[in-house]
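One structure is given here, and the rest of the page talks about it.
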Amino acid sequence: MKFQFVSFVMFVVVAAAASPYTSPSFNVLDYGAVGNGKNDETRAFMDAWKDTCSEVHDNPTLLIPKGKTFMLQPMWFQGPCNSATIYIKIEGTIIAPNNIKAWKWPNNIDRLTWIRFIEISGLVVYGGGLIDGKGASWWDCYSNTKCESENPTALHFHACENLILRQLTHINSPRNHISLNACHGSHISELHIIAPNESPNTDGIDIAESSNIIIENSKIETGDDCIAINHGSSSIDIVGIFCGPGHGISVGSLGRNGAQESVEKIYVRNCTFNGTTNGARIKTWIGGQGYARKVTFEDIIVIEANNPVIIDQEYNPYDSVYAVKVSDVTFRNIRGTSISKHAIQLHCDEALSCTNIILEGINITSSIGEEVHASCKNVNGICTSCIPYVPCLFQE
Ligand SMILES: *[C@@H]1O[C@H](CO)[C@@H](O)[C@H](O)[C@H]1NC(C)=O
Ligand SMILES: *[C@@H]1O[C@H](CO)[C@@H](O)[C@H](O)[C@H]1NC(C)=O
Ligand SMILES: *[C@@H]1O[C@H](CO)[C@@H](O)[C@H](O)[C@H]1NC(C)=O
């Protein structure tokens, strides 16, 4: 086992500053990585990770140094690790193989993700570096419906406790850039996520089966949802996100193919949607079960958004017995412009309806000098000071 001790310089202020503390650091270059952007560095990363994860001293760091580019094949960072907190400091660049043919899938891993982090508690991924999923050839095969399997997610975090992810740039994922599943207590901040407007399914951040997640102060410009909050999510705070181009911030979709799926306690505040196809959206499918409740969108600026405020509890033409229940939703202080006429759409199921839907301080005007309007079906709630006027809600 080889490692070197470096001074512990972290964004976390160390309380015991008087006694300089050093923590073990494992540099991938010491494990045979070259960093020329061509070599397959997967082995070196795995070996360095193994030592980092099994380190018995506190706060070990896996270091990916700056000024170098490391090409990685699909791989897993597997926990649990010995230290309660473990750092992956990405100062350099990590890239995927250049095109689909160059991707090598190990036998023991599925084809759903490029880089996966599993069962690691107290993981801190940071460092100012860049992660490039080289998605272009995947987008091509998707648009020609020639892909052999689903396009992979770039980074997937599974079963993580207290994840911190910050100060990184993520570009051109084959599919979603970051996904969290079964993560509890995460703080994601200062990310910049970029993919072309027309790239398919390139969500910024997807969350499912997770709770107590904060996502803040990030800029997300991609081809699909900036953030999607999916089944099994609760207590999710999203603050200070600049979104666009993209599809906005979406709760759901929930209940596809008859699934029972629920989310609650979602709070989206101080976000800007610029040129997005949706803004603040809740989307459910007919035939599903479960609920979306206690959802608040507050202090939102929309700039030329297509569907700035939208609840789409898909209209049910077949009298299916089931739908996902939508209730206790607040849209407060939403201002700006819509590029379509549909500034506000609240479309709910006839049998179930959406209940306690509160709109307060809405002012959405047309970016192209047209009339904009609100449309609704089967909604119960209150509207206080809404432009455009929302005919179906009780006006205060
Ligand atoms: C709102 O978000 C922006 C980043 O988009 C941030 O700079 C600003 O401090 C936030 N303001 C408040 C009041 O949270
Ligand atoms: C919104 O997007 C447009 C087009 O990309 C850009 O020109 C404009 O500067 C953006 N607005 C803001 C406030 O960032
Ligand atoms: C609504 O927004 C428009 C355009 O920004 C503005 O002219 C108007 O005064 C606003 N109305 C209210 C009631 O704030």
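We count ligands from 1, going down the list as the structure has it; atoms in each ligand are counted the same way.
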Review point. Less than 3.5 Å between some nitrogen or oxygen of T365 and one of ligand 3, yes or no?
Key: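 No, T365 has no N/O under 3.5 Å of an N/O on ligand 3.
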Review point. With only distance considered, is N270 within less than 3.5 Å of ligand 1 through an N or O on each side?
Key: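 Right, the criterion is met.
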Point to revise | Minimum side-chain heavy-atom gap C354-L346 below 4.5 Å | key: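 In short, these two side chains do not touch, never coming nearer than 4.5 Å.
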Review point. Mind checking whether W49 and F77 have parallel, tilted or perpendicular rings, split at 30° and 60°?
Key: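 Rings of W49 and F77: perpendicular, as their planes differ by over 60°.
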For [atom], state whether the nearest protein heavy atom is under 4.0 Å away.
| atom | result |
| --- | --- |
| atom 4 (C) of ligand 2 | no |
| atom 14 (O) of ligand 2 | yes |
| atom 7 (O) of ligand 3 | no |

**Study point:** For ligand 2, the portion of T272 having any non-hydrogen atom under 4.0 Å away
**Key:**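 Within the 4.0 Å criterion, T272 makes no contact with ligand 2.
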Check your understanding: How close does the nearest protein non-hydrogen atom get to atom 1 (C) of ligand 2, and which residue and atom is it?
Key ->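 Result: N274 ND2, 1.5 Å.
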Check your understanding: Which atoms of ligand 2 sit under 4.0 Å from any heavy atom of I303?
Key ->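 Per the distance check, 13 (C).
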**Study point:** Close-contact set for ligand 3 against I387 heavy atoms, below 4.0 Å
**Key:**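 Reading through ligand 3 atom by atom, the close ones are 11 (N), 13 (C).
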Point to revise | Numbered atoms of ligand 3 (with element) below 4.0 Å of N363, judged on heavy atoms | key: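 Answer for ligand 3: 1 (C), 2 (O), 3 (C), 8 (C), 10 (C), 11 (N), 12 (C), 14 (O).
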